[in-house]
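Remarks on the structure that follows.
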Number of protein chains: 2
Amino acid sequence: MTVTPRTGAAMSSAPKEAAAEPAATEPEDLLALDRQVCFALAVASRSVIALYRPLLEPMGITHPQYLVMLALWEQSPLSVKQLSGLLQLDPGTLSPLLKRLEASGYVTRRRDPRDERALAVELTKEGLALREQALRVPPAIMERLDMTADELGALHRSLTRVIAAAAP
Amino acid sequence: MTVTPRTGAAMSSAPKEAAAEPAATEPEDLLALDRQVCFALAVASRSVIALYRPLLEPMGITHPQYLVMLALWEQSPLSVKQLSGLLQLDPGTLSPLLKRLEASGYVTRRRDPRDERALAVELTKEGLALREQALRVPPAIMERLDMTADELGALHRSLTRVIAAAAP
DNA sequence: GGCTATCAGTTTGTGTGCAAACTATTTGCA
DNA sequence: TGCAAATAGTTTGCACACAAACTGATAGCC
């Protein structure tokens with residue numbers, strides 16, 4: 001956080017910009033930081049996740065853990081592979097994360113008797129109960145962002161297009 | 001990568017959904033994973049950064065390091081504080097990252113003689129030369145995403161609105 | 001039946017991110 | 001002047017995120 005304004009006084013003198021190229025073949029702003037969509041995406045993602053932090057902290061979970069809980073609240077025994085597909089997260093990321101959720105008492109982890117390779121990740125009573133508190137989160141975020149449902153919907157569709165395009 | 005499809009066979013039987021609430025006060029989809037903007041943002045951010053990976057890897061830098069280079073290509077001696085403001089990244093994140101960029105030979109780190117607290121992060125000759133390769137990155141990404149400049153522009157404006165709203 | 005390829009998770013190593021504690025300067029003010 | 005508060009970076013601890021190597025279990029296939 002502590003978002004500081006975009007422009008600051010130059011650190012030293014040296015105001016001359018790097019220009020070692022022929023200058024004719026040089027689209028000057030192709031590399032401009034403030035028009036990189038990847039940069040805007042990264043900052044927006046981190047900024048929004050930061051909004052969740054104070055709301056999730058009293059629940060004792062992080063934002064990635066919150067996403068896992070959202071998935072489990074929709075369907076409760078899920079394998080690591082299924083969670084990996086739903087959240088588009090690496091199994092190597094989920095594995096320790098799920099252990100932390102288990103340590104927090106929100107899920108259980110046990111092997112599927114029908115396929116000992118698979119792990120059945122299941123909500124505990126506490127995990128299910130946590131949903132009550134979670135219901136207050138999205139409204140709080142939407143109020144904080146102060147954007148209309150239309151705006152958020154349009155953004156969501158844009159993001160979905162990007163995700164689909166980047167997928168394969 | 002290895003983005004797997006959204007739906008997979010249910011792990012076990014247990015198809016019955018958790019429904020322990022009065023059901024009247026229950027907006028069923030408020031917590032639906034696939035309509036959380038925060039989730040779409042996180043996935044889109046990770047997905048797009050993943051597109052950069054194979055392009056940046058031959059340059060020997062990561063995506064956050066690439067963003068630092070973009071900032072330095074616009075203005076070369078920059079302090080950690082200035083970089084922190086421009087990239088909206090914690091100094092505690094930048095500090096080791098800049099040491100890695102220095103170890104890669106792309107920047108130098110030395111104290112500002114006029115204020116020994118400040119660190120002057122400056123491009124090396126190699127760091128400046130890297131810009132030539134970087135010029136090929138944005139077109140490659142845009143082609144990969146297969147989105148029009150209009151679409152990307154609209155997305156960028158939406159993201160900028162979100163960033164501003166989330167800012168504090 | 002037994003062997004091999006595949007599959008599901010886990011582990012390891014590296015690199016972010018962020019909060020909090022810490023160090024070294026510099027500023028500002030009594 | 002002298003010293004407390006503010007400032008700029010660094011360090012530490014924890015939690016992702018991902019690639020690659022590894023382990024155990026299952027599925028095919030002869």
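This is a predicted model, so every value here is computed, not measured. Throughout, a chain's letter reflects where its sequence line sits, starting with A, and its residues are numbered from 1.
Residues passing the salt bridge (Lys or Arg N to Asp or Glu O under 4.0 Å) test with Glu102(A), sequence neighbours excluded: Arg109(A). Residues passing the salt bridge (Lys or Arg N to Asp or Glu O under 4.0 Å) test with Arg35(B), sequence neighbours excluded: Asp29(B). Arg117(B) pairs by the salt bridge (Lys or Arg N to Asp or Glu O under 4.0 Å) definition with Asp115(B), not counting sequence neighbours. Here Arg100(A) pairs with nothing under the salt bridge (Lys or Arg N to Asp or Glu O under 4.0 Å) rule; sequence neighbours left out. Partners of Pro138(B) by side chain to side chain contact (heavy atoms under 4.5 Å, CB included), not counting sequence neighbours, listed by chain and number: Leu30(A), Leu31(A), Gln36(A), Tyr66(B). With sequence neighbours left out, Thr108(A) forms a side chain to side chain contact (heavy atoms under 4.5 Å, CB included) with Glu122(A), Thr124(A). The side chain to side chain contact (heavy atoms under 4.5 Å, CB included) check on Leu55(B) picks up Val137(B), Ala140(B), Ile141(B), with sequence neighbours excluded.
Glu57(B) places its CD atom 14 Å from the C1' atom of dA20(D), with the value rounded to the nearest Å. Residue Arg111(A) contributes atom CZ, which lies 9 Å from atom C1' of dA25(D) at whole-angstrom precision. Going from atom CG of Leu83(B) over to atom P of dT10(D) covers 11 Å, rounded to whole Å. Taking atom NZ of Lys81(A) as the reference point, atom P of dG24(D) lies 21 Å away to the nearest angstrom. Leu94(B) has its CG atom 12 Å from the C1' atom of dA8(D), to the nearest Å. At whole-Å resolution of the value, CG in Leu98(A) and P in dA8(C) are 16 Å apart. Protein atom CG of Leu87(B) is 11 Å distant from nucleotide atom P of dC18(C), rounded to whole Å.
Residue pairs meeting the side chain to side chain donor-acceptor pair (under 3.5 Å) criterion with at least one member in residues 157-168 of chain B, sequence neighbours excluded, are Glu151(A)-Arg161(B), His156(B)-Thr160(B).
Rounded to 10°, the angle separating the first-five-pair axis and the last-five-pair axis of the helix from dG1(C)-dC30(D) to dA30(C)-dT1(D) equals 0°.
Distance CG/Leu119(A) to CG/Leu98(A): 7.5 Å, rounded to 0.5 Å. Expressed to the nearest 0.5 Å, how far OH of Tyr106(A) lies from CD of Glu126(A) amounts to 8.5 Å.
Contact of the Leu94(B) side chain with the Leu87(B) side chain is registered, since non-hydrogen atoms from C-beta on lie closer than 4.5 Å.
Residue Lys99(A) has a polar side-chain atom (N or O) positioned under 4.0 Å from OP1 or OP2 of dT11(C). The phosphate of dA8(C) has neither OP1 nor OP2 within less than 4.0 Å of any side-chain N or O from Ser79(A).
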Next item on the list: If a protein heavy atom is under 4.0 Å from the base, mark B; if only from the sugar-phosphate, S; if neither, -; do that for nucleotides 21-26 of chain C going 5' to 3'.
Entry: ----BS

Under 3.5 Å, which protein N or O atoms sit close to an N or O of nucleotides 14-17 of chain C? Give each pair with its distance.
{"unit_1": "dT16(C)", "atom_1": "OP1", "unit_2": "Thr62(B)", "atom_2": "OG1", "d": "2.6"}
{"unit_1": "dT16(C)", "atom_1": "OP2", "unit_2": "Gln65(B)", "atom_2": "NE2", "d": "2.5"}
{"unit_1": "dT16(C)", "atom_1": "OP2", "unit_2": "Arg100(B)", "atom_2": "NE", "d": "3.0"}
{"unit_1": "dT16(C)", "atom_1": "O5'", "unit_2": "Arg100(B)", "atom_2": "NH2", "d": "3.2"}

Extract from the structure each pairing of a protein N or O with an N or O of nucleotides 1-4 of chain C at less than 3.5 Å, listing the distance.
none

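Ser47(B) places no side-chain N or O within donor-acceptor distance of the main-chain N or O of Ala167(A), the cut-off being under 3.5 Å.
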